[in-house]
Protein chains: 2
Amino acid sequence: MTTEPASARGTLSREKVVRAAVEMADESGGKVPSTRKLAERLGVQAMALYHHFRNKDALLDGMVDFVFAEIEFPAEGVEWKSAMRDRAQSMREALIRHPWATGLMDSRANAGVATLRHHDAVIGCLRSQGFTVAGAAHAFSLLDAYIYGFVLQELALPFESPGDLEAVAGPILEQAAMEGFPHLAELAVEHALKPGYAYADEFWIGLDLILDGLERHRTTWT
Amino acid sequence: MTTEPASARGTLSREKVVRAAVEMADESGGKVPSTRKLAERLGVQAMALYHHFRNKDALLDGMVDFVFAEIEFPAEGVEWKSAMRDRAQSMREALIRHPWATGLMDSRANAGVATLRHHDAVIGCLRSQGFTVAGAAHAFSLLDAYIYGFVLQELALPFESPGDLEAVAGPILEQAAMEGFPHLAELAVEHALKPGYAYADEFWIGLDLILDGLERHRTTWT
DNA sequence: GCCGGTACTTTACACTGTACAGATTTCCTG
DNA sequence: CAGGAAATCTGTACAGTGTAAAGTACCGGC
């Protein structure tokens with residue numbers, strides 16, 4: 001009496017598991033799936049996953065590296081400013097497309113090969129265009145911190161489209177909650193609530209300021 | 001036979017719970033305590049917490065606001081550049097002192113009063129020194145993203161002191177893992193592994209670049 | 001003295017990651 | 001080809017999580 005579900009053999013692999021986990025996390029809007037749900041989607045029992053990953057953290061490492069593999073990185077010859085702009089945009093898009101990724105990256109020290117390749121390419125691009133070793137380190141640290149931090153702010157916003165902003169901020173402003181915070185109120189009324197405002201625009205403003213500053217130090221930085 | 005633990009009445013309060021939760025999170029090195037552990041420390045049963053917080057998320061909101069209450073914010077008169085430097089340092093210290101806080105801030109849209117007061121003071125300082133409304137918004141977004149992002153990178157590092165760096169990076173470099181990443185290797189050998197290097201220094205380099213850029217746009221930014 | 005609300009306890013449930021012990025299929029070696 | 005070893009997946013189990021629901025002791029006000 002050989003029951004047919006006996007052999008699910010060969011259905012699993014590191015890559016397939018990671019891909020399924022990423023899909024499910026994307027669908028569920030930011031929550032990493034549980035081992036059981038993930039196993040179910042793969043047509044397998046929960047414990048089967050542990051033959052491909054030491055523990056769940058290893059799976060999460062794989063998921064983070066999967067995201068990094070989607071980020072475009074510059075070739076060495078490309079003009080550095082536009083290269084940095086492109087990779088910033090690409091990184092931002094990837095982190096927004098996979099909103100669970102940012103939350104995983106803290107406390108995750110084990111960089112995968114996609115992550116390393118990406119970092120290497122960025123630094124290579126900077127080095128090939130006059131940045132000193134130290135300068136490239138400074139630039140990378142600064143750019144990465146900014147991009148990462150900005151996306152986190154962006155993801156934490158409680159609204160999706162600029163239209164939603166008014167719906168969210170309006171009541172707050174009217175409530176007494178805003179009393180005692182005059183500058184916040186001013187900023188909201190005269191800036192953030194103006195038609196046409198989108199927080200996303202702030203990304204390019206800050207990035208351009210940083211790139212201009214980097215240009216200024218490019219060849220001289222120690 | 002009135003058993004004495006019958007009345008733990010009056011032992012709890014929103015503030016006391018938050019304070020204990022923060023303490024426990026700090027002690028455990030970054031993990032938010034479970035409701036049961038937290039209750040135990042407070043000499044109370046787990047469900048007692050739910051009379052003071054709608055759910056655990058509300059507790060986490062309180063913890064985040066507690067951290068913001070520790071961050072120094074500038075008075076309006078103070079010279080803006082040094083004020084921003086001070087608040088950046090203070091924010092960075094607080095986030096490092098409570099390493100669990102960064103992880104909580106994403107997906108946490110409900111700002112508490114300490115958070116609002118802090119933001120208001122920063123924007124007020126900028127506004128009082130020639131920044132336009134839009135300029136203050138740009139500056140705030142940029143500075144906050146950078147500080148936040150930098151601290152996240154810093155906390156993700158797998159070592160604590162500069163001395164540990166060599167111990168961690170050395171083996172990695174020697175291993176074949178580094179093959180194929182020449183620029184990363186160069187950066188490590190010629191910069192990050194040099195004696196006297198500390199990643200923390202990068203914070204001020206990036207911050208000064210940003211502040212210089214802000215100075216340049218201060219009065220003219222739209 | 002009673003009485004309603006407040007503050008806490010008790011019990012219970014669904015869900016989590018994963019340790020441990022099989023069962024079965026595949027592959028390598030003699 | 002035989003047979004043992006290894007790889008892969010299953011079954012069961014356990015400790016831990018957040019929290020819903022109902023119960024119980026205490027309090028201040030009529």
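Atom set for the values below is all heavy atoms of this structure, side chains included, hydrogens, waters and symmetry mates excluded.
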Pairing residues for A:His98 by the ring-ring contact (aromatic ring centres under 6.0 Å, His included) criterion, not counting sequence neighbours:
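ring-ring contact (aromatic ring centres under 6.0 Å, His included) list for A:His98, sorted by chain: A:Trp100.
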
- Task: Using ring-ring contact (aromatic ring centres under 6.0 Å, His included) as the criterion, list what pairs up with A:Phe68, not counting sequence neighbours.
- Result: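 With neighbours one apart ignored, the set is A:His118, A:His119.
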
- request: Check each residue of residues 18-31 of chain A for a non-hydrogen atom within less than 4.0 Å of any atom in DNA chain C, then write out the ones that pass by number, or none.
  value: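 Of all residues in residues 18-31 of chain A, none places a heavy atom under 4.0 Å from DNA chain C.
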
Sub-4.0 Å heavy-atom contacts from residues 46-57 of chain B onto DNA chain C, ordered by number:
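Residues of residues 46-57 of chain B that come under 4.0 Å of DNA chain C are, in numerical order, B:Met47, B:Ala48, B:His51, B:His52.
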
Please confirm whether the backbone N or O of A:Leu104 pairs with a side-chain atom of A:Arg108, one donor and one acceptor, at under 3.5 Å?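 Side chain of A:Arg108 to backbone of A:Leu104, a donor-acceptor pair under 3.5 Å: yes, one is there.
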
Side chain of B:Arg36, base of D:dG16: donor and acceptor closer than 3.5 Å?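 For B:Arg36, whose side chain was compared with the base of D:dG16, there is no donor-acceptor pair (under 3.5 Å).
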
Rounded to the Å, how far apart are [X] [atom1] and [N] [atom2]?
X       : N      : atom1 : atom2 : result
B:Arg14 : C:dA7  : CZ    : P     : 11 Å
A:Gln45 : C:dT18 : CD    : P     : 17 Å
B:Leu38 : D:dT17 : CG    : P     : 11 Å
A:Leu59 : C:dT16 : CG    : P     : 14 Å
B:Leu12 : D:dC26 : CG    : C1'   : 16 Å
A:Leu42 : D:dT10 : CG    : P     : 11 Å

Q) Between CG of A:Leu59 and CG of A:Leu38, what distance do you get to the nearest 0.5 Å? A)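 The CG atom of A:Leu59 sits 6.0 Å away from the CG atom of A:Leu38.
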
Could you tell me whether the phosphate oxygens of [N], OP1 or OP2, come under 4.0 Å of any side-chain nitrogen or oxygen in [X]?
X       : N      : result
B:Ser34 : D:dT17 : yes
A:Thr35 : C:dT18 : no
A:Lys37 : C:dC15 : no

Name all residues meeting the side chain to side chain contact (heavy atoms under 4.5 Å, CB included) criterion together with A:Glu15; count only those two or more places apart in sequence or in a different chain, and write none if there are none.
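For A:Glu15, the residues satisfying side chain to side chain contact (heavy atoms under 4.5 Å, CB included) (neighbours in sequence not counted) are A:Ser13, A:Arg19.
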
Could you work out, with side chain to side chain contact (heavy atoms under 4.5 Å, CB included) as the rule, every residue matching A:Gln45, not counting sequence neighbours?
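Here no residue qualifies.
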
Residue pairs fulfilling ring pair (Phe, Tyr, Trp, His ring centres under 6.0 Å) with at least one residue in residues 9-62 of chain B, sequence neighbours excluded: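 The answer is none; no pair qualifies.
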
Pairs touching residues 138-155 of chain B that satisfy side chain to side chain donor-acceptor pair (under 3.5 Å), sequence neighbours left out: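 Passing the test, one end in residues 138-155 of chain B: A:Tyr199-B:Ser141, A:Glu202-B:His138, B:Arg87-B:Asp144, B:Arg92-B:Glu154.
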
- Item | Contact list for residues 29-40 of chain A, test side chain to side chain donor-acceptor pair (under 3.5 Å), sequence neighbours left out |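 Listed once each, the pairs would be none.
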
